[in-house]
Amino acid sequence: MKYGYFDDIQREYVITSPKTPQPWINYLGCEDFFSLISNTGGGYSFYKDAKLLRLTRYRYNNVPRDSNGHYYYIKENDSIWNPGWMPSKTPLDFYECHHGMGYSVIKGTKNQLASELTAFVPMGSACEINKLTLTNESNVSKNFSIFSYVEFCLWNAMDDMTNFQRNFSTGEVEVHGCAIYHKTEYRERRNHYAVYAVNSSIDGFDTDQDSFLGSYGENSAPEVVVSGQSKNSIASGWRPIGSHHLKVSLAPGESKTYVFVLGYVENAVEDKWVGNAEDGIINRAPAETLLAKFDTTEKVNQAFTDLKEYWNQLLSHFTISSSEEKLDRMVNIWHQYQCMVTFNMSRSASYYESGIGRGMGFRDSCQDLLGFVHLIPDRARERILDIASTQFEDGSAYHQYQPLTKKGNSDIGSGFNDDPLWLIAGTAAYIKETGDYSILDEQTPYDSDPLKATDLMEHLRRSFHYTMEHIGPHGLPLIGRADWNDCLNLNCFSTEPGESFQTFGPSEGPNAESIFIAGMFVKYGKDYVEICKHRGLVEEAKLAQKAISDMKKTVLDTGWDGEWYLRAYDHYQNKIGSKECVDGKIFIEPQGFCVMAEIGLEEGYCLKSLESVEKYLDTKYGIVLLQPPYHRYHVELGEISSYPPGYKENAGIFCHNNPWISIAETVVGRGNRAWEVYTRTCPAYIEDISEIHRTEPYVYSQMIAGKDAPNFGEAKNSWLTGTSAWTFLNVSQYILGIRPDYDGLIIDPCIPNTMDGFKAKRDFRGVTYHITVENPSHVEKGIKSVTVDGTLVESNIIPVAKDKSEVNVTVVMG
Ligand code: BGC
Ligand code: NOJ
């Protein structure tokens, strides 16, 4: 069952019922100001950091759920309704939500009064614009009121939710004309405030929540809206809000448009005391400048056009055209869009991540780079340097950092032993895309301390050596607190019955080892070797090459279980992910990574491993992470066994590692199977089962409940997942096979043999490549001929054209 449809021309998903199984959201903002917006108008805004600079409140555990947002109430006679249905839940005569690239349009009609709300964050300005158009579709005049409503957050979202004894006394606002200023913290000489304004004279306002909702009131029917008249309340402490009242008259057929702006303003440091800041009176000048940019419909329409143009340009770097409509839709639009969102958010703020718990992940953001480098290489460069700056001097890394401060998060700390290698992965992806080796010369701090800086190349060296030098009893990399699988905590023990767990200290170990990290070491070690060679570091390249060869041998000697790669050895040197285990006999991660690293490829291990994945882990909704699930809690395995069977890392379909298997299948040349793995979890291909899948059908979710769970097929944690980057990498670079490499663009498709071929346009280092792939013999992989601008060439690595801006490439498979 579907709740809407894709509109590929507009690049939108159009939702036709407000009652989607879960809130289906979109992200507004491409730079510093961000809003989450659901299909019913729920959501919230923040500036740069969802924890530290939150503009509006949201309550994740609220009942009814998703009942806070940036809302507009329409009151016509006794009827009160919202364009997006929530929070009044008054049935609408017509409803549609169009989620597009960085904007959402929500349309609602009631009693022949049509509303259209266009929400977006314009490029270059720190604000969310809501353009609201009301049209009288009846043949009589209409008189009604509009009440806007946002609930301000007192900036630090964690403090806002917990420190009420203080917060109920700090809230302050100012109101000047149609602009409501939320200035809590300004008195403390912070230099920021929020402004919420409309480009029209108003008939009243409210800034105090109790006055607006009424004591014990609800936002489904605020007292002010029910009475039809604002109270002009000025908040003093308690819960500040922003609400404007507009009385509107419309003749038959007439339309009126209003522009509401919710902005973030930060005085430049030198202007901090302009105005009478000592008394907490704000300096309104920068807000007025901001509002003046969007005070007419024409200016707003222009800003909207600019945003669309920005996306047209971004999505023009990689486009395909094939016989598969859904493939084209995902590659040209939604994969790349989700990659941008994960780049912006990492794992911080979604409808499943509160924006408080996690900031930017070291591992996560490095992986996100893999998907989006081609979209905005300059920002990728900056991101790599930001991430590397949180690395420790020994090569290990903070697992998370805050986007605002760009400093490592010491609550979470370090010890995830896969982290260092992801820095090599992200940097290599950047260099392959751009050819910009100068990034390696950038002076980059350790632990955010500029006094402890080296060039980035040295960071990569320390990453590689950290892994190489932290080796356990079998010669495999030590896992530390965990590797990619955060929940596989193998250095745990419990001292008292009922106690959760402790981890071994350095003197007793910790000894647990990871075959997954071994696979990563071999795969990204090859990139490290290439980069060393390019820098003329011959000895280091040799040393690294030897370490990689040794590691391959170690994996084959101690990491192979007969039919698949083992997952790990625990602290006591018991095997994890072996046929000898009762539960957790086979895990997906080492099968993906060891095959991608081509460990034992010639000897047939890779094919065998993938056959085992198909035999033991496959389901109709995707590949589960392990089998059989852990049926009881094991303290010596950690969080993984804390999940009920079939959920999350305990045998859920963890979407993130499905593309690893799909890529691995292209390594062994099985295009049909790579395709099957790709399409099984791909949003556009499973749109028809939205009532089972339940999350947004245009983006990936982190997890789909596995076959051992009661709700098999139900997805959770949509949007912020490494799946987006890995899937785009998979489909663009391995299935379609258009892969940037150090010395050119490799074209090496591995497609289903039913496919006749496809066309692609790929910008690469300033040149546009028009690529035609033909598959007349209907093979899955293999190339018969490559023609570049009419000339047959020997290699499928197309060098960067020096004197042309357009190149035509034809590849015939066979
Ligand atoms: C979750 C993992 C997640 C980790 C992040 C765990 O509780 O189950 O999926 O990766 O937290 O730190
Ligand atoms: C989600 C985390 O963001 C990611 O870093 C981790 O690799 C996976 N969960 C698996 O545990």
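We count residues from 1, following the sequence as given. These numbers come from a predicted model, not from an experiment. All ligand and atom numbering here is 1-based and tracks the order in the structure. Reckoned from all heavy atoms, side chains included, excluding hydrogens, waters and symmetry mates.
With sequence neighbours excluded, the residues satisfying salt bridge (Lys or Arg N to Asp or Glu O under 4.0 Å) with R673 are E614, D618, E665, E676. Listed by chain and number, the residues in a salt bridge (Lys or Arg N to Asp or Glu O under 4.0 Å) with K523 amount to none (sequence neighbours excluded).
Near R358, the atoms of ligand 2 lying under 4.0 angstrom from a non-hydrogen atom of the residue are 2 (C), 3 (O). Listed by number with element, the atoms of ligand 2 under 4.0 Å from a non-hydrogen atom of E649 are 9 (N), 10 (C), 11 (O). Numbered from 1 in the order shown, with element, the atoms of ligand 2 that lie under 4.0 Å from a heavy atom of N485 read 11 (O). Interface of D364 with ligand 2, defined as ligand atoms under 4.0 Å from a residue heavy atom, comprises 2 (C), 3 (O), 4 (C), 5 (O).
Under a 4.0 Å heavy-atom criterion, Q702 is in contact with ligand 2.
By the 30° and 60° cut-offs, the orientation of the rings of Y337 relative to W719 is perpendicular.
Inspection of the Y13 and N26 side chains reveals no N or O donor paired with an N or O acceptor under 3.5 Å.
In terms of N/O distances under 3.5 Å, ligand 2 is not approached by H656.
Environment of NZ in K407: sparse, with no more than 12 heavy atoms of neighbouring residues, nucleotides or ligands closer than 6.0 Å.
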